[in-house]
**Q** 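Here it is: the structure, laid out below.
Throughout, protein chains are lettered first and strands after them, A, B, ... in sequence-line order, and every chain is numbered starting at 1.
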2 protein chains.
Amino acid sequence: MTTADQRPMRADARRNYQRLLDEAKVAFLEHGADAPLEDIARRAEVGIGTLYRHFPTRLALQAAVYQEQVDDLCAKAYELLDDERSGNALAAWMRSFAEYATSRRGLMQTLKEVIDTRSDLFARCHDEIRGAAGAVLAEAQQAGTVRPEVTVEDLLRLTHGLSVATQSAPETTERLLSYLLDGLRPQP
Amino acid sequence: MTTADQRPMRADARRNYQRLLDEAKVAFLEHGADAPLEDIARRAEVGIGTLYRHFPTRLALQAAVYQEQVDDLCAKAYELLDDERSGNALAAWMRSFAEYATSRRGLMQTLKEVIDTRSDLFARCHDEIRGAAGAVLAEAQQAGTVRPEVTVEDLLRLTHGLSVATQSAPETTERLLSYLLDGLRPQP
DNA sequence: GAACTAACCGGAGGGTGCCTCCGTTACGAT
DNA sequence: ATCGTAACGGAGGCACCCTCCGGTTAGTTC
């Protein structure tokens with residue numbers, strides 16, 4: 001590793017990076033994941049060359065935004081594990097996941113679709129959220145509210161599907177979530 | 001309604017319309033719903049001006065492709081009602097829906113997201129698919145395999161969610177569908 | 001504080017796609 | 001065959017993408 005790699009980022013570079021990320025979140029929320037990069041650079045008050053040096057592709061910028069969303073969702077899972085008891089963390093997390101998706105107008109699902117599933121970033125995000133989902137699943141299975149054969153992948157897929165299904169109709173979340181939970185419960 | 005509206009379309013116009021639609025389906029499948037319109041026009045061997053006269057916006061072209069997909073899914077529902085018995089049409093249709101989505105690499109869901117939910121086209125497609133979904137749901141509820149309080153909207157949302165969840169992992173469809181069906185069954 | 005330099009900036013320019021305009025062409029009626 | 005007009009389609013202006021490279025600045029050393 002060269003000396004350059006070890007030197008901390010300059011203050012102006014750090015500041016611009018953060019402004020670009022912040023403005024990208026707003027722009028993606030307002031205009032979708034294809035919001036013009038020149039517009040994001042203008043809002044951040046930097047040149048288009050600066051945007052491209054911090055984020056060499058649109059995907060890189062989308063990925064940074066997605067990473068923050070994954071971080072948020074994972075933090076929520078562990079928070080709910082601390083607060084809830086008797087297998088309720090899972091339901092609360094799925095609800096929270098759907099609400100998060102609705103508040104960000106489907107951006108999270110869109111970003112998930114455009115990020116290459118073979119990329120390191122995707123693998124890291126997936127590991128991270130699998131850890132969090134695994135924790136709430138284990139607790140629910142231990143409490144007997146979810147049948148033992150449900151895997152972490154199953155839970156993630158169903159949660160993702162729920163968030164897409166209810167993204168434009170959040171008032172349906174409770175009912176659809178209850179059907180899902182009934183389906184995951186150990187069957188007589 | 002004016003005379004112009006009543007006159008049948010010219011032969012060259014009909015031919016070009018169909019070629020554009022056919023090439024758009026291929027292009028959207030290969031490159032996503034944002035495939036360049038100039039490329040679609042080239043493949044159809046027409047001018048970009050001709051494309052814009054038949055489809056004044058990208059959304060108009062996407063809508064025409066989406067309409068065909070909705071037609072396919074509805075036809076399948078009625079087909080399955082003829083073939084299946086004892087409440088099995090619903091499960092078969094949900095499975096078929098997910099397979100259809102996978103074979104079109106998520107294009108259907110993408111198109112669904114971009115089409116304005118307030119548009120006439122969206123309302124027509126929604127009425128159409130609600131009719132088909134209502135038919136398979138009624139049959140399943142009559143057979144006792146789905147609880148009475150599940151609405152057509154619920155079924156459509158869950159089916160859509162399932163297709164998104166399994167679009168990139170069709171091998172998980174059977175298991176996730178069985179959880180969904182367990183959740184929809186009348187509870188003891 | 002000065003000097004040095006590597007990191008950082010940012011706008012111009014070429015390329016692509018979008019979309020309209022208007023001269024040209026082909027279809028259908030007579 | 002002729003005529004009217006619906007339909008065609010490519011040029012051009014604009015926005016956005018993305019790289020290049022000359023200029024600027026932050027941070028380190030003395």
**Q** Between dC9(C) atom C1' and Arg15(A) atom CZ, what is the distance in whole Å?
**A**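 In whole Å, dC9(C) C1' lies 11 Å from Arg15(A) CZ.
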**Q** Under 3.5 Å, is there a donor-acceptor pair linking the side chains of His126(B) and Glu153(B)?
**A**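 A pair is found: one side chain offers a donor N or O, the other an acceptor, under 3.5 Å apart.
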**Q** Report, one pair per line, the protein and nucleotides 23-25 of chain C atoms (nitrogen or oxygen only) whose separation is under 3.5 Å.
**A**
none

**Q** Should we say atom CD of Gln142(B) is surrounded by more than 12 heavy atoms from elsewhere, each under 6.0 Å from it?
**A**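 Check fails, neighbour count at 12 or below.
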**Q** Ala13(A) has a side chain; which of dC27(C), dC18(C), dC9(C) sits nearest to it?
**A**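 The closest nucleotide is dC9(C).
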**Q** Ignoring backbone atoms, establish whether His54(A) has a side-chain N or O less than 4.0 Å from OP1 or OP2 of dC9(C).
**A**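 Indeed, a polar side-chain atom of His54(A) lies that close.
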**Q** Side-chain heavy atoms nearer than 4.5 Å, only ILVMFWY residues, links allowed to pass through others: does that put Met9(B) and Phe55(B) together?
**A**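 As far as the 4.5 Å side-chain criterion goes, Phe55(B) and Met9(B) are not connected within one cluster.
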**Q** To the nearest 10°, give me the bend of the helix from dG1(C)-dC30(D) to dT30(C)-dA1(D), comparing the axes of its five terminal pairs at either end.
**A**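 Roughly 30° between the end axes, to the nearest 10°.
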**Q** Are Asp22(B) and Lys25(B) close enough for a salt bridge, meaning some N to O gap below 4.0 Å?
**A**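 Counted as a salt bridge, because a side-chain N and a carboxylate O are separated by less than 4.0 Å.
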**Q** Would you indicate what Leu37(B) reaches in the nucleic acid, counting non-hydrogen atoms under 4.0 angstrom: base, sugar-phosphate, or nothing?
**A**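 Sugar-phosphate, no base atom in range.
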**Q** Distance check needed: dG17(C) C1' versus Asp34(A) CG, whole Å only.
**A**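 In whole Å, dG17(C) C1' and Asp34(A) CG are 13 Å from each other.
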**Q** Enter the distance from Leu180(A):CG to Leu176(A):CG here, rounded to the nearest 0.5 Å.
**A**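 Going from CG on Leu180(A) over to CG on Leu176(A), the span is 7.0 Å.
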**Q** Hey, does the side chain of Arg104(B) reach the backbone of Gln109(B) with a donor-acceptor pair shorter than 3.5 angstrom?
**A**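 Here the side-chain-to-backbone pair does not exist.
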**Q** Rounding to an integer number of Å, can you tell me how far Arg19(B) CZ sits from dC8(D) P?
**A**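 These atoms are roughly 11 Å apart.
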**Q** Decide, yes or no, whether a salt bridge links Glu30(B) with Arg43(B) under the criterion of side-chain N to carboxylate O below 4.0 Å.
**A**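 Counted as a salt bridge, because a side-chain N and a carboxylate O are separated by less than 4.0 Å.
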**Q** For the hydrophobic clusters of this structure (ILVMFWY residues joined by side-chain heavy atoms under 4.5 Å, transitively), does one cluster hold both Leu162(A) and Leu107(A)?
**A**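 Same hydrophobic cluster.
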**Q** Grab the CG-C1' distance between Leu20(A) and dC9(C) for me, whole Å please.
**A**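 Rounded to whole Å, this separation is 12 Å.
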**Q** Could you tell me the separation between the CG atom of Asp39(A) and the P atom of dC14(D), rounded to a whole number of Å?
**A**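 To the nearest whole Å, that distance equals 19 Å.
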**Q** Specify the separation, in whole Å, of atom CE of Met9(A) and atom P of dT28(D).
**A**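 Rounding to the nearest Å, CE of Met9(A) and P of dT28(D) are 15 Å apart.
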**Q** Whole-Å distance between dC21(C) C1' and Leu51(B) CG?
**A**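 Atom CG in Leu51(B) sits about 16 Å away from atom C1' in dC21(C).
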**Q** For the side chain of Thr145(B) and the backbone of Ala140(B), is there at least one donor-acceptor N/O pair under 3.5 Å apart?
**A**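 Yes.
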**Q** Under the criterion side chain to side chain contact (heavy atoms under 4.5 Å, CB included), I'd like the reasoning laid out for Trp93(A) against Leu81(A): C-alpha separation, chi angles, the key distance, then a yes or no.
**A** CA-CA 9 Å; Trp93(A) 187 62; Leu81(A) 277 172; over 6 Å; no
**Q** Quickly work out the Leu59(B) CG to dC19(C) C1' distance and round it to whole Å.
**A**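 So the two atoms are 16 Å apart, to the nearest Å.
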**Q** When you match Ala35(B) and Arg14(B) each to their closest nucleotide on DNA chain C, which lands nearer the 5' end?
**A**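 Result of the comparison: Ala35(B).
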**Q** Are any of the side-chain nitrogens in Arg147(A) or Asp182(B) under 4.0 Å away from the carboxylate oxygens of its partner?
**A**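 Judged by the 4.0 Å cut-off on N to carboxylate O distance, Arg147(A) and Asp182(B) do form a salt bridge.
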**Q** Can you figure out which of dC8(C), dC19(C), dG17(C) approaches the side chain of Tyr52(B) most closely?
**A**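 The nucleotide sitting nearest to the side chain is dC19(C).
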**Q** Taking Arg58(B) for the side chain and Ala35(B) for the main chain, is one N or O donor matched with an acceptor at less than 3.5 Å?
**A**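 Flag set: sc Arg58(B) to bb Ala35(B) pair under 3.5 Å.
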**Q** What does nucleotides 10-16 of chain C look like as a protein-contact string, B for base, S for sugar-phosphate only, - for none, at under 4.0 angstrom between heavy atoms?
**A** BBB----
